Amino acid sequence: MSDRIYNTIIVGGGIAGLTATVYLSRKGQKVLLIEKNKECGGLVNSFTRDGFQFDAGVRAIIDAGIILPMLSDLGIELEVVKSPVSLGIEKEIINIDSVDSLLKYRELLAKLYPGSQGEINEVLKNIRKIMKHMDVLYGIENPVFKNLKHDRTFLFKELLPWLPKFIITVGKINRLNMPIEDYLGKFVKNPSLRDIISQHFFKNTPAFFAMSYFSLYLDYFYPKGGVGKLSEALKNKIIESGGEIKTDTKIIQVMAEKCLVKDQKNVTYKYDKLIWAADLKTLYKITETEGLSHKIKTKFEDAKSKMLKNRGGDSVFTLFLGVDEPLESFRKIAHGHFFYTPSKLGLGETHREELDHLLSDFEKVEKEQILTWLDKFTRLNTYEISIPGLKDPELVPPGKTGIIISFLAEYDLFAKIQKAGWLDEFIPELENRVLSVISDSVYPMLKDGIIARFSFTPLSIENRVGSSEGAITGWSFQKSMPVVNKIQISDRSVLTPVPSIYQAGQWAYSPAGVPMSILTGKLAADKVLKK
Ligand SMILES: Cc1cc2nc3c(=O)[nH]c(=O)nc-3n(C[C@H](O)[C@H](O)[C@H](O)COP(=O)(O)OP(=O)(O)OC[C@H]3O[C@@H](n4cnc5c(N)ncnc54)[C@H](O)[C@@H]3O)c2cc1C
């Protein structure tokens, strides 16, 4: 046991756990990062199949004033390229290359919805307003990654002048915390237009987060060699600074009073501090609180009941394709990160009431009804299409193209179909429909050119990273969020009712993605070091 005693144990080798580990190992702590899969990275990962390299989770990375400052702080040189975005509806496609692209977006919407000029102008006015807030929010490098004691120029010339603007902006942002659907409903009466603007966001996404995407489109970058290079760089830094990483090891029990975690082979590891950087429902389910004070136990039970009542947010279905067609054919159509909607009609209630209706009485629903619904869902949906080779041509065999097509998908649909025993039949039905919609609209070369094809469902995500309901950005946006969701108190997001246990990652703060997962990883490491 003596060689299994650590200052800090970090569970979960996704981007949050990697961040926490690297910052602790750099400070000379004896740390152990435990990851259940063979490789680290979680949803920030890349893999190769049939000579094509794909990204398993996030398709490109948003700096958000967090990631590049962290890399510079850690002395990591990562070769990156811009990952420009295109937006398309039916035959209209625009490239988002600068703030001026907003004008092209207005023209595109005006062409498709000629009767809604006033509403479109209002949408654009609101996007511009929110872009100004974003300029303030991400206007300086995040101070969490700066050494304020030594970097006096940053402290006096950047941070202090920025703080009053930040405080005013946070107030404005908090007032935009309502669901995007309700927010747009106030000034966009055309339901199709409303859908087209918002349907590729998670249900009830806070308006500020959704409307800020026009700024974020300009912020995306892509590590040469794939998104997974970011995780790999952090992993290498951990090893370089003496940290220990144990993969293929799943934690199945936390004994809070004894400060022990146990893995699937019943091996125990002792910690002074634990950072849980994985699914929080799992943490609360597998933690034993016997021996802790009554006060802590009560707080723990209270937090546990809130967590278990809530759900993970929307998941995704992803289709990976290898195509016998050169990158150039695709480059002519759109950038390598493309949000495409084949129909201007919008999903309406297809993915909400209509789907809820099918799911609520699933046992009585015929397969044919599901497939008919699927026809409509795939025709009206918005797709996130990523072509890694357009960002780094070395990621594909010469003359060929790898494509990743994904869209938001309801976990319960896949879970119920699996339970009913026809998931293996359903997946090709879904893949075929997506292929047919995309090849009939934007990429006709997919009709005959496919040489490799496979997909990940929300159930695959749940299996791979152990995330409740296959969620990819933590909690669903519900009324009573079980974790911190205000930026000005984000440092509290890493605390749990048990003083020796901290939490980090997509489940610790809402809304979260890669930048917030990294930020909470760093905040958790800072708290451990402060103690
Ligand atoms: C298709 C897709 C698109 C996305 N797009 C964006 C985007 O545009 N912008 C953005 O910011 N974010 C995006 N995201 C979300 C982003 O990738 C995640 O929010 C972020 O990577 C989460 O990091 P994490 O470290 O918190 O969690 P994870 O990546 O889930 O890592 C958790 C790790 O813990 C491990 N683990 C779980 N349970 C245990 C256990 N019991 N014992 C040991 N190990 C365990 C898992 O295997 C995993 O490696 C996207 C995700 C996907 C899938």
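In listed order, ligands and their atoms are each counted from 1. On a predicted model such as this, the values are computed, not experimentally measured, just so you know.
In terms of protein heavy-atom proximity, atom 34 (O) of ligand 1 is closest to G12 CA, 3.1 Å. Of all protein heavy atoms, the one lying nearest to atom 27 (O) of ligand 1 is Q506 NE2, 3.6 Å. At the top of the distance list for atom 40 (C) of ligand 1, counting protein heavy atoms only, stands I251 N, 3.8 Å. The nearest protein atom to atom 44 (N) of ligand 1, hydrogens excluded, is given as K36 N, 3.1 Å; this is a heavy-atom distance. Atom 37 (C) of ligand 1 has V465 O, 3.3 Å as its closest protein atom, hydrogens excluded (heavy atom only). Protein heavy atom in closest approach to atom 32 (C) of ligand 1: A277 O, 3.6 Å. Considering only non-hydrogen protein atoms, atom 14 (N) of ligand 1 sits nearest to V58 CB, 3.9 Å. Nearest protein neighbour of atom 35 (C) of ligand 1, counting heavy atoms only, is E35 OE1, 3.2 Å.
Set against the non-hydrogen atoms of G505, the atoms of ligand 1 under 4.0 Å away are 26 (O). Within ligand 1, counting atoms from 1 as listed, the ones closer than 4.0 Å to a heavy atom of S517 are 20 (C), 22 (C), 23 (O), 26 (O). The atoms of ligand 1 that sit less than 4.0 Å from any heavy atom of N37 are 47 (O). Shown in contact with A278 at under 4.0 Å from a heavy atom are these atoms of ligand 1, numbered in order with element: 34 (O), 36 (N), 37 (C), 38 (N). Of all the atoms in ligand 1, the ones that sit under 4.0 Å from a non-hydrogen atom of A16 are 25 (O), 26 (O). In the vicinity of Y220, heavy-atom distances shorter than 4.0 Å reach the ligand 1 atoms 7 (C), 8 (O). Within ligand 1, the atoms closer than 4.0 Å to a non-hydrogen atom of T249 are 43 (C), numbered from 1 in the order shown. Atom numbering of ligand 1 starts at 1 in the shown order; those under 4.0 Å from a heavy atom of K250 are 41 (N), 42 (N).
Partners of Q29 by side-chain contact (heavy atoms from CB on, under 4.5 Å), not counting sequence neighbours, listed by chain and number: N7, T8, L24, V31, V528, L529.
Checking T382 against Q199 by side-chain atom types alone, a donor-acceptor pair falls below 3.5 Å. In this model, no donor atom of one side chain and acceptor atom of the other lie less than 3.5 Å apart for T249 and D263.
Under the 3.5 Å distance criterion, the side-chain polar atoms of S25 are left unmatched by any main-chain donor or acceptor of G243. Panel note: side chain T378, backbone R433; no donor-acceptor pair is recorded below 3.5 Å. Remark: side-chain polar atoms of D219 are paired, donor with acceptor, to backbone N or O of A64 under 3.5 angstrom.
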Exercise for review: Could you walk me through whether R26 and E240 pass the salt bridge (charged side-chain N to carboxylate O under 4.0 Å, His left out) test, one step at a time?
Suggested key: CA-CA 9 Å; R26 260 186 10 142; E240 198 183 291; over 6 Å; no

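Ring orientation note: the planes of Y213 and Y217 are nearly perpendicular, at an angle over 60° on the 30°/60° scale.
More than 12 heavy atoms of other shown residues, nucleotides or ligands fall within 6.0 angstrom of atom CZ in R331.
Contact annotation: I34 has at least one heavy atom less than 4.0 Å from an atom of ligand 1. Residue contacts with ligand 1 do not include S467, since none of its heavy atoms lies under 4.0 Å from the ligand. Every heavy atom of S406 sits 4.0 Å or more from the atoms of ligand 1.
With a heavy-atom cut-off of 4.0 Å, F407 does not touch ligand 1 at all. In R464, the part holding a heavy atom less than 4.0 Å from any atom of ligand 1 is the backbone.
The heavy atom nearest to atom 10 (C) of ligand 1, considering only I404, V514, I518, is found in V514.
Cation-pi check for R453 over F320 is not met; the charged atom does not lie both under 6.0 angstrom from the ring centroid and within 45 degrees of its normal.
The shortest N or O to N or O distance between I15 and ligand 1 is below 3.5 Å. The shortest N/O to N/O separation between I472 and ligand 1 falls below 3.5 Å.
Under the 4.0 Å criterion applied to side-chain N and carboxylate O atoms, R464 and E39 are assigned as salt-bridge partners. Looking at E469 and K281, a side-chain N of the basic residue comes within less than 4.0 Å of a carboxylate O on the acidic one, giving a salt bridge.
A side chain to side chain donor-acceptor pair (under 3.5 Å) with E410 is found for exactly one of R352, K203, K416, namely K203. Of the candidates L74, L18, I238, Y23 forms a side-chain contact (heavy atoms from CB on, under 4.5 Å) with just one, namely L74.
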